[in-house]
Amino acid sequence: MKPAPKRKKILLLLVILAVLVLAGSPLLAPTPLSIGEILRFEKGGLDAQIFWDLRLPRVCLAFLAGAGLAVGGMAFQAVFRNPLATPFTLGVSSGASFGAALYVYLGIAFSVLGLPGVSIFAFIGGTCSILLVYSLTRLKQGFTTATLLLAGVAISFFFSSLILFIQYLGRVTHSFRILRWLMGGLDAVEFDSVLRLLPFVLAGVIALACLVRELNLLTLGDEIATARGMHVPRTKKIIFFATSLMVGGIVSLCGPIGFVGMIVPHICRLLVGPDHRVLLPATLLFGGTFLVLCDALSRSLIAETMIPVGVITALFGAPFFLWLLLSGVFSERS
Amino acid sequence: MEGRMNHPLLEITDFSFLIGAKKILNGISLAVREGDFLSIIGPNGAGKTTLLKCIMRILTGGHGEIRLAGRNLEIFSQKELASWLSYVPQGVEILPAFTVLEFVRMGRYPHLSPFSTFTQTDEAAVERSLSLTGMEPFAHRYLNTLSGGERQQAYIAAALAQEAKVLLLDEPTAFLDPRHQVEVLATLKRLNRETGLTIIAITHDINSALLSDGEILAIKEGKDVYQGPAGGILSADKLENIYGTGFLKLQDSRLPQFLVLPEGLL
């Protein structure tokens, strides 16, 4: 067993790691920034400007997105009792991606109150997919996990096909822009993006944090959860909407950044066990930290270019996860 | 038995349940009083598990009436229901790596409000459940490292932590070797005798039902074909009609009554 004090220690370590990475990551770059200049808040100083106006918002955005995606993945893995579930399993990212692809294909360019049109289209696409999946699941009595999952997967494939169709119809430049968007990125670099994303992540995480006991029971199966006194369909609906809206918000602003939502909850389960009262904060902290680190790598690996962060997450995350899994360090829980 | 109420604790009247067009339960009626030990027997596919799931409201719908403590089951909120009824499934599921203690503590769910913490009453209920099932030494073991018998006891302990008045069990001794079967059955009998817990258990082991000193409900093709004292099922070829096979009745001076053996085994 991982006794409570040990789990608390791991949580504390994750907090320290998150703080260190959040503080250190904006400084990481092929050309080092001058810390003295940054701390003096020098007006017009290039290093200060890069740090405060570009890097810090980007790092905050990465942390929020990573935390939200990881917590979303954790919630869906509990609901579906399936280790392969991701925050994108129910089609919200495909819907959002279709929205973004449609925007690119239509060749329009607009923004509302500073919010880019592509994000608006993506959010509408994501919301449509959420409503479609929900309505289809409701058609069958009981809001069952199997129907929800199958409806989500079907809608996901449907939107993916529409994206391919649009790419086929569109010009090569459209295809490239769509493909680039699908790789996921943290290119929105002003603090406004952070403030736009914050309510989605905050609302999603708070809703799920209120349901940690229910998430624990769901991992034991619907029958035991019902027998313990949980209203399973109602709880699943709340988790579905809370997670999907949070993920829809993230995908609209950052694109469908893969891998974080699937693997981070597994890594955290190996670290702190399956109890969501500890697992949720651990996943939140590690998810955020992980994406900030990946973003730092994406900025630093090749000078004068930024690799899309969605490429980096699996490229470095998968070997790390496999090392954890196969090293036997956490064999008790795995 | 002391403390028994005159009116039934659980009363089912003419209850039917369909899955698609197939009638799984067909006009079942049943009365269980507080402190009863009811064994439900019947061939595979007779509707035993469905009946238990309808009582626990894992399955909803159906025609007819189920009343608990004199109130229609549909009036109960799920949490309220869980403080009356607890349920032990067949226990073949793969469970996450919770420890036995963590798992049993989750049994307190119906007594906790969203932001409340564990009280001394909750801790005491968990300790009592572990003690009654002999699971104290296993408290810090992971569920996925337990043997079948230990896991069954853990399931029972978690259900007991709910402190419900009725314990429903779906084949609690299936997949267990004879020693562990005896241990689980002894636990159930002790709980029934010492704490007055009402027990409703599905079983394929007719002999353990006969020796339970309680009542038997026999279901065949969704219909209740017998409810009464355990010994009564042995009269007038009832078992033969239920299972569609002959039974030999065996007697031993140490036994309170006949036991049975399917004739085909000879």
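Protein chains get the first letters and strands the later ones, always in sequence-line order, with residue 1 at the start of each.
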Flag the one option from B:S86, B:A164, B:G107, B:S77 with the top tally of heavy-atom pairs under 4.5 Å to chain A. B:G107
I need the contact set between residues 45-61 of chain B and chain A: heavy-atom distance under 4.5 Å, sorted by residue number. B:K53, B:M56, B:R57, B:I58, B:T60
May I ask you to check whether B:Q181 and B:S208 show a side-chain donor-acceptor distance below 3.5 Å? no
Centres of the A:F88 and A:F76 rings: under 6.0 Å? no
Regarding B:K79 and the six-membered ring of B:Y109, is the cationic atom NZ or CZ under 6.0 Å from the ring centre and inside 45° of its axis? yes
Report, as yes or no, whether the 6.0 Å neighbourhood of atom CZ on A:R277 holds more than 12 heavy atoms from other residues, nucleotides or ligands. no
Go through the atoms of A:I224 and report whether side chain, backbone, both or neither lie under 4.5 Å from a heavy atom of chain B. side chain
Can you sort out the partners of B:D205 under salt bridge (Lys or Arg N to Asp or Glu O under 4.0 Å), two or more places apart, ordered by chain and number? none
Kindly confirm or rule out a cation-pi arrangement of B:R105 over B:F118, judged by NZ or CZ under 6.0 Å from the six-membered ring centre and within 45° of its axis? yes
Would B:Q78 and B:L81 satisfy side-chain contact (heavy atoms from CB on, under 4.5 Å), going step by step from the backbone distance to the final call? CA-CA 5 Å; B:Q78 202 64 40; B:L81 193 64; 3.9 Å; yes
CA sep, side-chain torsions, deciding dist, call: A:L90, A:T243, side-chain contact (heavy atoms from CB on, under 4.5 Å): CA-CA 10 Å; A:L90 293 186; A:T243 306; over 6 Å; no
Which atoms of B:F103 come close to chain A, meaning under 4.5 Å heavy atom to heavy atom: side chain ones, backbone ones, both, or neither? side chain
If we define contacts as heavy-atom pairs under 4.5 Å, which of B:S116, B:A161, B:S83 has the most with chain A? B:S116
Honestly, the part of B:A158 sitting under 4.5 Å from a heavy atom of chain A is both
